[in-house]
Amino acid sequence: MQNFEATKCPSDELSLTNKIFFNPNDVRSLKNQFIKIHSGSGSYAFLLDSNPSIPTGKAGFSLVQRRWANVSIGQPVGVEFNCSFDPRTTCIATHHHGPLQFGRDANRIHAMLSQMPLTVGQEIVFKFKDKKHLLLRVKEMETLQPRGDVVAAQFGVISGNTIATFEKLPDSPLVLTGKAKAKQPYQSIINPDWNFSMMGIGGLDREFSDIFRRTFASRIFPPDLVEQLGMCHVRGLLLYGPPGTGKTLMARQIGKMLRRSRAKNSVNGPSILDKTSGERKSKIRELFADAEEESHSGIGNRLRFAYQSASPDEHGRHQILGIHTSKIRDNGKLSPDVDVRELAAKTKNFSGAELAGLVRAATVTAMNRLVQASEKVQVDPDAIEKLCVTRHDFLHALEYDIRPSFGAQEEELDRYVTGGLVKWGNPVNHVIEHGLLATRAARAEAEAGADSGRPVALLLEGPRNSGKTALAVHIARQAGFSYVRLATSKNMVGFNEVAKCMAVKKFFDDAHKAKQAVVILDGLEGLIDYSPVGPRYSNYVLQALRDLITAPLPRNKCLLLLGTTSCRDALEELGLVQCFTAGKIHVSNLTQPEHLVTALNQLDAAKFTEKEVRQIYKSVSGCRLNIGIKELLDVARMTNRVEEGDRVRYFLDRLNEDGRLTE
Ligand SMILES: Nc1ncnc2c1ncn2[C@@H]1O[C@H](COP(=O)(O)OP(=O)(O)OP(=O)(O)O)[C@@H](O)[C@H]1O
C-alpha cells in the first residue's frame, strides 16, 4: 500500500468517468486497474487512470467521490494497487428483479458500469440525456456464491450476468419504466415512529382498522402494484357521527400516523368561520397549499364527488364490473372464483361509481391481508406475487363497505314487514293481485314509449292496523324495480310544511331519474297533517302531493305509486283519493274464524299448538271477529309470554277486551 495525498480531479469531464486519477509517473503502465483506497473512514474500490495534470504523490478525486468516500483535499489516503476481484465470489448478482430501461443511453451506461468496481454507498455520476447529470448510488450488493447462495457484499464488480435493480429517490424527477418500477421506493405515508399499541383510541379499534383498510392500505403498497390493480388512492375522508364519539381524536391520531409534513394541518371549523371573509379564504387556501404541493407525489388536493343518476341494469353492471376488474385480471391478480356475472346479479341498485367503489373495496380487502399492523405497519415483502382478489373479498366489500345510496333501502323497508307477510285469506291475495296488475300497467306505460307517460297510482285503504303498509312494501318488492322509497310522516317528525314538501319532492325527483321506480306514500293523512278535529290539514302539502302524483313522467320511465290511508273518506273530500287512478283497494281486517286459524297456523311470532288453535277456533265460531293483522300479531306476541295452560284463555280474553270478538 502506498500513501498519496487527495486532490481534485483535473476536469469536470474526467470526473464523469468516475475514476481516480494519478500522475503517469506514479502509476506507470497501470491503467483501468482496480485499486482500493483506504481513508480514515473506510475502504473503497475504484478504477484508476493517469493524467499528467495531477502532481506526483497525489490522487485526484471528483467532488462526488470526495463526498461519499469522506475524503477531503490534502488528506492522506492509502492506495492498494493491483487489486483483483475473484469473479467467483465478487461478481454482483441479483436474482429477482429486472433491469431499468435506459433507452438509447443503455449501451453507453452499461459499458461504463461493466468496467467498474463498486462499493456499497458509492455514488457514480454520468451524463444522461441533454447535459443533465445522473447520480447513481450503490445501495446494496449481493454476490452469487459458487454453491448458489446469495451473500451481501461490500465490494463487487459488475459482470455480464449481473442484474441491476434501479430505484429512484423519492424526490427525483426521473420516471422509471419497465419491471424496475416494482422496486421503486416510495416515501411511505406512514410515520416510521408510529406504533399501533400507543394509539390511545379506546373502543374504536374496529373503526380505526376499517379506516386504515379503506383509506391507507393502498398507500403502503409499492406504487407499481397499485398501478397494476388500476387503483387510485382515497383522497379525502369524512368522519361523521354524534358529538363526542371520537371523531376529532381519530382524525388527530390519523394525523400522527401520517408523516408529519402531511399531517400538520388541522383546523377547527368554528375557528375558521370566526375570521373575516378575506381572512377565512386565505386560511383555507393556506390549509390546502401544502397538500397542493404534495399532489405531485400522489397526495390529492381535491375531493371528488361522483354522481350518477340512474342505476344500470344487470347487463350494464356486468359490463361496468368487467371494465373495473379488467386491469386486475390482466395482471393475474383476480382469483378465478370471481364471477363478474354473479356480482352483477348481487349489485342491484348500484350506480357505476358504487360498482367502481366495490371493486376498489374488494381490492383493498385483499391488500389488507398482506399488511401486518400489530405494532408497526408492515407489508408482506412478497405482496406483489401474493396479491389475489377473491370472491370472498367482493362479498366482504358488499356486506361491509359499499351500499347503494340510490335504490331500495332494504333495511328500512324490512322494518315495515317485521312480522313477515301472513297470507290469512282471500282478501290478502286480492290486494297482492291488484298490486301485480298495477305493476304490469306501470311497465306497459314505459314500454309504450310515449313522450310522457303517467305514473300508475294505486291506493290501499282500510282500517288502522290492517297491514296496508306491509302490503304496499310487498307489492313494491315484488315489482323488482330498482328504486323503491317509502315516504312516511313517521320519518318527518318536526318538519314544517315546506320541509315536508321538499322531502316528498326529492323522492319523486329521484324516482323520475330511475328507469323503474316505486314510491310508497304511506299514511297520506299523516303526510298532509290531517286531523279530524277541525278538520285541519296542510293545504300546501296536499297541493304538492296532488301535483306530484299526477305529474307526467320523463320518456321511457316507469313509476308505480302506492298510497296508503285509513281515512279514505276524508281524503276523498280533499280530492286526493281521485288522484289514484289505477284503483282503490280495500285492505280488510280478519273477519272470519277461518282467517284467524289460517293466520295462527302461520305465525312465526307465536307458536300455537294444533290443539290450542282448535280450542281457539271452537271458541270464536259463531262470534263476530274484526281484528287487524298488526294487532293480532301483537296479541299473539304477548300470549307467548304466558304460561302454557293459560295461553288460550289469555288470547281470547285479549280479543274480547279490545272488542275484536263479539257475540
Ligand atoms: N297479510 C298481511 N298483510 C299485511 N301485514 C301483514 C300481513 N301478515 C303479517 N303482517 C304484518 O303485520 C304488520 C302490518 O302493519 P302495517 O304497519 O302494515 O299496518 P298498517 O295498516 O299500515 O298500519 P297503520 O294503520 O298504522 O298505518 C306488519 O308487521 C306485517 O309484517
Side-chain angles (χ1 to χ4, degrees), residues 410-436 458-478 486 488 490 520 522-523 562 564-568 584-663:
E410 293 297 334
E411 279 160 27
E412 203 202 328
L413 295 181
D414 278 346
R415 284 196 277 138
Y416 295 93
V417 276
T418 43
L421 200 77
V422 179
K423 296 204 174 146
W424 49 261
N426 276 338
V428 180
N429 301 336
H430 176 71
V431 177
I432 295 175
E433 271 164 29
H434 255 86
L436 268 175
L458 183 71
L459 182 68
L460 306 188
E461 58 86 16
R464 290 205 58 116
N465 300 326
S466 56
K468 302 172 295 293
T469 316
L471 282 165
V473 169
H474 178 79
I475 294 168
R477 282 187 161 158
Q478 218 175 27
L486 185 138
T488 167
K490 293 179 186 111
I520 301 172
D522 186 40
L562 299 169
T564 77
T565 181
S566 44
C567 304
R568 175 180 173 156
K584 295 98 193 161
I585 311 296
H586 182 68
V587 179
S588 68
N589 282 343
L590 290 82
T591 52
Q592 310 286 328
E594 288 74 24
H595 293 161
L596 190 63
V597 171
T598 317
L600 292 183
N601 280 329
Q602 286 181 44
L603 285 193
D604 283 338
K607 296 259 182 272
F608 285 93
T609 62
E610 265 179 49
K611 193 174 153 207
E612 285 170 337
V613 175
R614 244 181 286 129
Q615 280 177 351
I616 293 171
Y617 181 67
K618 237 189 203 168
S619 308
V620 299
S621 295
C623 297
R624 286 180 55 195
L625 177 77
N626 191 355
I627 186 167
I629 183 74
K630 196 167 169 182
E631 206 175 343
L632 177 66
L633 284 174
D634 285 344
V635 178
R637 276 193 204 106
M638 290 302 291
T639 309
N640 249 359
R641 309 263 165 274
V642 177
E643 296 279 314
E644 220 167 278
D646 290 338
R647 284 159 56 94
V648 173
R649 190 186 49 77
Y650 175 86
F651 180 76
L652 293 170
D653 281 355
R654 282 291 310 270
L655 295 195
N656 276 315
E657 275 164 28
D658 298 338
R660 304 296 169 217
L661 196 63
T662 44
E663 295 289 321

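Heavy atoms only: backbone and side chains are in, while hydrogens, waters and symmetry mates are out. Along the sequence shown, residues are numbered consecutively beginning with 1. Fair warning: this is a prediction, and the values are worked out from it, not measured in the lab.
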Query raised in the report: Who passes side-chain hydrogen bond (donor to acceptor under 3.5 Å, both in side chains) against Asn465, sequence neighbours left out?
Result: none

Requested in this report: Work out which heavy atom in Gly628 is nearest to a heavy atom in Asn589; give both atom names and the distance.
Outcome: CA-OD1, 3.1 Å

Query raised in the report: Does Asp634 have any side-chain hydrogen bond (donor to acceptor under 3.5 Å, both in side chains) partners at least two apart in sequence or in another chain, and if so, which?
Result: Arg637

Report summary line: For His586, the side-chain hydrogen bond (donor to acceptor under 3.5 Å, both in side chains) test, sequence neighbours excluded, returns Glu461

Query raised in the report: Between Ile520 and Ala476, what is the shortest heavy-atom contact and its length?
Result: CD1-CB, 4.0 Å

Report summary line: dist Ser466:OG -> Leu632:CG (nearest 0.5 Å) comes out at 12.5 Å

Report summary line: In this structure, NZ of Lys584 is separated from CG of Leu458 (nearest 0.5 Å) by 9.5 Å

Query raised in the report: Which ring pair (Phe, Tyr, Trp, His ring centres under 6.0 Å) pairs, counting each pair once, include a residue from residues 610-634, with sequence neighbours left out?
Result: none

Query raised in the report: How many angstroms lie between atom NZ of Lys468 and atom CG of Leu562, to the nearest 0.5 angstrom?
Result: 14.0 Å

Requested in this report: Measure across Pro593 and Leu625 and return the closest heavy-atom pair with its distance rounded to 0.1 Å.
Outcome: N-CD2, 4.5 Å

Report task. Rounded to the nearest 0.5 Å, what's the gap from OG1 on Thr565 to CZ on Arg464? Could you check? Result -> 10.0 Å

Query - Counterpart residues, side chain to side chain contact (heavy atoms under 4.5 Å, CB included), relative to Glu612 (two or more places apart) - result: Phe608, Thr609, Arg647, Val648

Report task. Any chance you could lay out the side-chain contact (heavy atoms from CB on, under 4.5 Å) test for Ile616 and Val597, step after step, and finish with the verdict? Result -> CA-CA 8 Å; Ile616 293 171; Val597 171; over 6 Å; no

Query raised in the report: Tell me the salt bridge (Lys or Arg N to Asp or Glu O under 4.0 Å) pairs involving residues 652-662, sequence neighbours left out?
Result: Glu631-Arg660, Arg649-Asp653, Arg654-Asp658

Report task. Please list, chain by chain and in numerical order, all residues satisfying side-chain hydrogen bond (donor to acceptor under 3.5 Å, both in side chains) with Thr564, sequence neighbours excluded. Result -> Asp522

Residues 416-431, side-chain donor-acceptor partners within the protein, below 3.5 Å, at least two apart:
none

**Report entry** From CG (Asn601) to CD (Glu610), nearest 0.5 Å
**Finding:** 7.5 Å

Query raised in the report: Of all residues at least two apart in sequence or in a different chain, which pass the side chain to side chain contact (heavy atoms under 4.5 Å, CB included) check with Asn656?
Result: Leu661

Report task. First locate atom CD1 of Ile585, then atom CD1 of Ile432, and finally report the distance between them rounded to the nearest 0.5 Å. Result -> 12.0 Å

Report summary line: Scanning both residues in full, the closest heavy-atom pair of Leu590 with Ala599 reads CD2-CB, 3.9 Å

